Visitor: 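Below is the structure I would like to discuss, written out as structure tokens.
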There are 2 protein chains.
Amino acid sequence: MADKVTIADVARHAKVSRQTVSNVLNSPEVVREETRLRVQEAVQALGYRVSQAARQMRTGRSMLIASRIEPAQDDGINGFVFDRYLHGLTESAARAGYRVLLYTADDHDAELATFDDLLGVHEPDAFVLTSTDYGDPRTTRLLELGIPFVTFGRPWGVPPERRYPWVDVDGAAGTALATRYLLDAGHRRIGFLGWPGGSGVGDDRRAGWARALADAGAGPAEIAELDHRTDDGVPQGEAAAHALIDAGRPATALVCVSDSLALGALQAGRRIPVIGFDDTPVARAVGLTSVRQPITEVAASCVSILVRLLDGDARGRGAAGREREQNVGGRQDAGSGGSASPLREAPPEQVLHQPTLVRRQSA
Amino acid sequence: MADKVTIADVARHAKVSRQTVSNVLNSPEVVREETRLRVQEAVQALGYRVSQAARQMRTGRSMLIASRIEPAQDDGINGFVFDRYLHGLTESAARAGYRVLLYTADDHDAELATFDDLLGVHEPDAFVLTSTDYGDPRTTRLLELGIPFVTFGRPWGVPPERRYPWVDVDGAAGTALATRYLLDAGHRRIGFLGWPGGSGVGDDRRAGWARALADAGAGPAEIAELDHRTDDGVPQGEAAAHALIDAGRPATALVCVSDSLALGALQAGRRIPVIGFDDTPVARAVGLTSVRQPITEVAASCVSILVRLLDGDARGRGAAGREREQNVGGRQDAGSGGSASPLREAPPEQVLHQPTLVRRQSA
DNA sequence: TTGAAAGCGTTACCAG
DNA sequence: CTGGTAACGCTTTCAA
């Protein structure tokens with residue numbers, strides 16, 4: 001049908017120069033209103049769309065945000081959260097004029113290689129990283145390359161001088177919420193089914209439970225007694241629940257680090273209250289009360305951080321901008337007059353979202 | 001670091017012309033082996049990557065496959081299945097040199113609008129559509145536009161003359177598999193928990209169960225008696241299971257159209273065998289026997305069909321190729337000599353994958 | 001087989 | 001604000 005309408009067609013139709021059309025598109029405020037309207041009308045009439053490929057050649061910006069899609073795990077429960085994240089990311093990105101480009105990688109090394117490939121070929125403007133862990137090589141690499149990125153997940157164990165922007169959910173606040181809920185219901189001996197120490201996320205969630213218990217007057221010894229650690233999984237949850245419930249001084253309620261463990265605890269058969277984490281379909285299916293992460297908001301924060309980074313960053317990696325500045329501590333001209341504005345060392349943005357408790361029959 | 005190495009750099013390094021480099025990349029067989037090796041060495045040494053943007057300007061091909069990411073919901077394609085699909089698609093696409101571009105849309109109209117937007121701006125080479133339903137307007141539109149696409153899901157209710165390529169899983173075979181498994185275990189009265197009629201997927205799965213039962217000698221009346229229909233959901237499954245089990249002549253085993261319904265049936269408390277559909281994490285968690293769809297293979301088929309379509313289709317939508325031919329019935333030159341080979345009306349490819357039964361405690 | 005030139009649609013830079 | 005020109009990196013056409 002419409003045979004690829006170019007900017008020249010629009011210019012002809014609106015009786016202006018190509019440059020003016022470009023201006024209307026990129027910096028509308030510089031064009032007189034009358035002209036601008038005429039051009040916009042022509043754009044509408046002709047159904048003009050900027051060719052991303054051509055634009056990218058000039059500006060070096062692809063309007064692409066790359067994100068890894070993780071394989072659905074065997075426990076799969078995490079997959080649900082990830083799915084919501086990806087959907088939210090795609091939606092928020094679209095609102096800001098960006099699209100999400102997917103890639104896979106089996107491990108960190110493969111992902112580093114994919115970075116090179118992607119950056120060479122499709123040249124995404126930014127990355128969103130998920131499942132960051134201790135000493136994650138990916139952030140270091142992107143920092144070196146000067147490619148804007150955010151992580152969904154805090155930089156566990158990263159030294160303060162090597163900071164980067166991140167978005168996360170306050171897991172400790174979530175378990176604290178759950179614990180306080182049980183405390184309010186009259187429980188005192190509230191056990192915690194958690195993962196083995198060493199996982200940032202798991203330790204964080206345990207800390208929230210421990211804090212709430214301590215706030216309620218529990219001593220360190222009692223807390224240690226109620227703290228059970230095991231690998232993730234339903235059978236593991238069942239076994240762990242038995243251990244805590246059948247103890248000399250049994251737990252009367254349980255907070256769990258995941259819905260998998262919580263489901264196992266539920267299957268242990270005792271009728272004590274159980275609260276899970278992530279509000280997965282499983283939870284909904286079996287009526288499990290669970291802590292819900294505001295994933296859509298997380299995704300939106302990721303995008304808005306990236307957009308701010310990309311807009312404040314006029315360089316344009318591809319064509320013109322030869323020099324590549326570091327992302328952190330980049331210049332930020334505040335629009336002051338002629339003289340150079342003083343450099344401002346803006347700290348990377350960090351957003352911590354608060355989870356909520358979804359109450360169902362299990363507690 | 002490496003300041004955007006171009007094809008000219010490679011040419012200089014290998015002491016050949018730019019053109020020769022381009023040839024090595026695009027049609028290696030046309031260049032002498034010695035030269036080719038030297039060029040490839042230079043590519044390696046310099047870490048050259050073709051710029052997709054530049055290539056796209058000339059060829060009109062973006063090497064992008066667009067797919068909608070559905071919001072994680074309980075209905076429609078199960079979130080878990082969808083996740084595996086997307087992951088498989090990304091992986092297969094990467095192997096073929098393509099990347100997956102995500103988009104969202106709340107309904108069909110919004111999706112049609114997104115088609116225009118996407119095709120105007122990022123110009124994906126093809127689409128993969130999921131969750132196709134009766135009278136789906138999306139396939140019609142893409143057919144009109146002449147954009148290559150495949151659907152994951154058969155064209156339910158589409159007239160034969162308006163065919164397009166699709167990939168699907170044989171749901172009827174899956175439920176038949178499950179039913180025969182129960183028959184072999186000695187069961188005769190095997191109930192089916194299905195969705196209300198009118199959904200292609202649901203009807204298909206019911207048909208497989210009914211066929212297996214009929215093959216085993218059950219009469220139409222008995223089959224109707226054992227056929228229970230309800231909306232998807234765990235509570236619905238529980239209620240439906242009760243209805244079938246507490247009937248005058250009770251069912252002694254159940255085949256279900258989804259894991260949700262199966263989970264409900266399990267919760268109904270009777271200890272009769274239950275088989276679900278989709279092998280979701282829930283199934284694994286509670287030990288539910290379930291029919292598993294070979295999603296990775298589905299995704300791979302989607303990609304290979306698209307690749308075949310795109311490679312056989314030399315046009316290149318963007319720059320050069322003005323005319324846009326219809327996808328269906330396109331020319332396919334079989335490499336015969338000088339004279340024009342006869343037009344061959346190649347029927348769109350259609351692949352039906354077979355599911356498997358994952359046995360667990362529930363049956 | 002190889003080399004030179006043109007052109008894809010944009011944006012950036014210039015003088016008017 | 002307009003118009004002209006250059007450039008981005010690549011593929012294609014045409015000559016050598």
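Source: prediction; values computed, not measured. Quick note on labels: first sequence line is chain A, next is B, and so on, each numbered from 1.
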Visitor: Would you indicate which nucleotide in D/dT11, D/dC10, D/dG9 comes nearest to any side-chain atom of B/Y48?
Guide: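 That would be D/dC10.
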Visitor: Is the phosphate of D/dT2, meaning OP1 or OP2, less than 4.0 Å from a side-chain N or O of A/T20?
Guide: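 For D/dT2, OP1/OP2 do have a side-chain N/O of A/T20 under 4.0 Å.
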Visitor: Looking at B/S22, does any N or O in its side chain come under 4.0 Å of the phosphate oxygens OP1/OP2 on D/dC10?
Guide: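 No, outside the criterion.
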Visitor: Closest-nucleotide mapping onto DNA chain C: is B/A54 or A/N23 further toward the 5' terminus? I mean the 5' end.
Guide: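 Nearest-nucleotide comparison on DNA chain C picks B/A54.
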Visitor: What orientation do B/F115 and B/Y103 show, parallel under 30°, tilted 30 to 60°, or perpendicular over 60°?
Guide: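 Answer is perpendicular, since the angle exceeds 60°.
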Visitor: Does any non-hydrogen side-chain atom of A/V21 lie less than 4.5 Å from one of A/L25?
Guide: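 Touching, per the 4.5 Å side-chain cut-off.
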Visitor: Measure from the side chain of A/I7, starting at C-beta and using heavy atoms only, and say which of C/dT2, C/dT11, D/dC10 lies closest.
Guide: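 Nearest nucleotide to the side chain: C/dT11.
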Visitor: Please check if the side chain of A/R138 supplies one atom and the backbone of A/T130 the other of a donor-acceptor pair under 3.5 Å.
Guide: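 Such a contact is found between A/R138 side chain and A/T130 backbone.
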Visitor: Rounded to whole Å, please give me the gap between CE in B/M63 and C1' in D/dC10.
Guide: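 Taking atom C1' of D/dC10 as the reference, CE of B/M63 is at 14 Å.
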Visitor: Below the 4.0 Å mark, does D/dT11 have OP1 or OP2 next to a side-chain nitrogen or oxygen of B/N26?
Guide: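 So the side chain of B/N26 is within the cut-off, an N or O lying under 4.0 Å from OP1 or OP2 of D/dT11.
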Visitor: May I have the distance from B/Q56 (atom CD) to C/dG7 (atom P), rounded to whole angstrom?
Guide: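 B/Q56 atom CD is separated from C/dG7 atom P by 21 Å.
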Visitor: Round to the nearest Å and state the distance from B/E33 atom CD to C/dT1 atom C1'.
Guide: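 So the two atoms are 15 Å apart, to the nearest Å.
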Visitor: Verify the contact: side-chain N or O of B/R49 to OP1 or OP2 of D/dG9, cut-off strictly under 4.0 Å; return yes or no.
Guide: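 So the side chain of B/R49 is outside the cut-off, no N or O lying under 4.0 Å from OP1 or OP2 of D/dG9.
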Visitor: Answer with base, sugar-phosphate or nothing: what part of the nucleic acid does B/S17 contact at a heavy-atom distance below 4.0 Å?
Guide: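 If one applies the 4.0 Å heavy-atom cut-off, B/S17 turns out to touch a base.
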Visitor: Measure from the side chain of A/Q19, starting at C-beta and using heavy atoms only, and say which of D/dC10, C/dC13, C/dA4 lies closest.
Guide: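 Closest of the options to the side chain of A/Q19: C/dC13.
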Visitor: For B/R36, which contact category applies under a 4.0 Å heavy-atom criterion: base, sugar-phosphate, or nothing?
Guide: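 The residue B/R36 makes no contact with any strand.
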Visitor: Just by distance, do the side chain of A/S62 and the backbone of A/E123 share a donor-acceptor pair under 3.5 Å?
Guide: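 Side chain of A/S62 to backbone of A/E123, a donor-acceptor pair under 3.5 Å: yes, one is there.
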Visitor: Can you measure B/E29 atom CD to C/dT1 atom P for me and round it to whole angstrom units?
Guide: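 After rounding, the reported distance stands at 11 Å.
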Visitor: Between D/dA7 atom P and A/R18 atom CZ, what is the distance in whole Å?
Guide: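 My rounded result for the distance is 16 Å.
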Visitor: Checking the side chain of B/S27 only, and the main-chain atoms of B/V30 only, is there a donor and an acceptor separated by less than 3.5 Å?
Guide: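 No, B/S27 side chain to B/V30 backbone: no donor-acceptor pair under 3.5 Å.
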Visitor: Is A/D116 reaching over with its side chain to a backbone N or O of A/A113, donor-acceptor style, under 3.5 angstrom?
Guide: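 Answer holds: no.
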Visitor: Under a 4.5 Å cut-off applied to non-hydrogen side-chain atoms, are A/D125 and A/Y98 in contact?
Guide: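 Contact flag for A/D125/A/Y98 side chains = yes.
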Visitor: To the nearest 10 degrees, what angle separates the axes at the start and end of the helix from C/dT1-D/dA16 to C/dG16-D/dC1, five pairs each?
Guide: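 Taking five pairs per end, the axes differ by 40°.
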Visitor: Is there a side-chain polar atom (N or O) of A/R58 under 4.0 Å from OP1 or OP2 of D/dC8?
Guide: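 The answer is no; no side-chain N or O of A/R58 sits under 4.0 Å from OP1 or OP2.
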Visitor: Using atom CE of A/M57 as one end and atom P of C/dA12 as the other, report the distance to the nearest whole Å.
Guide: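 It is 14 Å, rounded to the nearest whole Å.
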Visitor: Tell me the interatomic distance from B/Q52, atom CD, to C/dG9, atom P, rounded to whole angstroms.
Guide: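 Between P of C/dG9 and CD of B/Q52: 16 Å.
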Visitor: Mind calculating the distance between CG (A/D9) and C1' (C/dC8) to the nearest angstrom?
Guide: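 Distance check: A/D9 CG to C/dC8 C1' gives 14 Å.
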Visitor: Looking only at atom types and distance, does a side-chain atom of B/E349 sit under 3.5 Å from a main-chain N or O of B/C302, one as donor and one as acceptor?
Guide: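 It does not hold such a pair.
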Visitor: Output the single nucleotide from C/dG9, C/dG3, C/dT11 whose closest atom is nearest the side chain of B/V16.
Guide: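 Of the candidates, C/dG3 comes closest.
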